[in-house]
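Let me begin by presenting the structure, written as structure tokens, before commenting on it.
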Amino acid sequence: MGHVVAGAVFRDGRVLLAQRTRPPELAGRWELPGGKIEPGESAEQALARELREELGIEVRGADRFGPPVQLGSDLVMCAYRVDLVSGEPRPLDHAALRWVDAKELEQMDLVEADRAWLPALRDMLAG
Ligand code: C5P
């Protein structure tokens, strides 16, 4: 079973979403940035690596929230709240980035899998 980590970075009452460029069926839709855990990595290490590669930022921590999401038969994905340590996010691997508040979150065309985290994200943006 492979594991995918997705990171939620919060700032000023907003969460950072990223717009996918691939595959074609997901291009244009929004997600929490992340990717697969490589052998020997912890979730926190994988998040730090993926967000460094994709956004050019340094993050720390991995506070899991919401339900795990099954992706096909051999991938499971979990969401984590991470702390932004340094850097300003840039879309190095995405079409665009957007900081959204609770209201804007409702309007975003999220990839199906990430919709499982909407209730938890709403709570965190409200609180
Ligand atoms: O980004 P990447 O293609 O490496 O992600 C691996 C898998 O996890 C893909 O199937 C992708 O659709 C899925 N994914 C997702 N939601 C995310 C991040 C990845 O559904 N926030």
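Note that the coordinates shown come from a computational prediction; the quantities given were computed from them, not determined experimentally. All values below come from the heavy atoms of this structure, side chains included, with hydrogens, waters and symmetry mates left out. Remember, it's 1-based here, ligands and their atoms both numbered in the order they're listed.
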Could you list the atoms of ligand 1 found under 4.0 angstrom from a heavy atom of A113? 20 (O)
If Ile, Leu, Val, Met, Phe, Trp and Tyr residues are connected whenever their side-chain heavy atoms lie under 4.5 Å apart, and connections chain through other members, are V76 and L47 in the same group? no
In terms of residue, atom name and distance, what is the protein heavy atom nearest to atom 1 (O) of ligand 1? R20 NH1, 3.2 Å
Could you check whether E104 pairs with R98 (Lys NZ or Arg NE/NH1/NH2 to Asp/Glu carboxylate O, under 4.0 Å)? no
Which is closest to atom 12 (O) of ligand 1 in terms of heavy atoms, V76, L26, L17, D114? L26
Going through the distances and angles, do L110 and W30 end up as a side chain to side chain contact (heavy atoms under 4.5 Å, CB included)? CA-CA 4 Å; L110 292 186; W30 295 80; 4.0 Å; yes
Could you find the nearest protein heavy atom to atom 8 (O) of ligand 1 and give me its residue, atom name and distance? L71 CD1, 3.4 Å
Taking NZ, NE, NH1 and NH2 as the nitrogens, is one of them in E112 or R29 under 4.0 Å from a carboxylate oxygen of the other? yes
Proximal ligand 1 atoms for L32, defined as those under 4.0 Å from one of its heavy atoms: 17 (C), 18 (C), 21 (N)
The protein heavy atom nearest to atom 18 (C) of ligand 1 is E31 OE1, 3.3 Å
Tell me the protein heavy atom at minimum distance from atom 4 (O) of ligand 1, and give that distance in Å. G35 CA, 4.1 Å
Take R20 and E31 through the test side chain to side chain contact (heavy atoms under 4.5 Å, CB included) and record every step on the way to the result. CA-CA 7 Å; R20 290 192 66 100; E31 68 175 6; 2.7 Å; yes
Steps toward side chain to side chain contact (heavy atoms under 4.5 Å, CB included) verdict (M77, Q70): CA-CA 6 Å; M77 179 170 71; Q70 190 75 34; over 6 Å; no
Report the nearest protein non-hydrogen atom to atom 15 (C) of ligand 1: residue, atom name, distance rounded to 0.1 Å. M77 SD, 3.3 Å
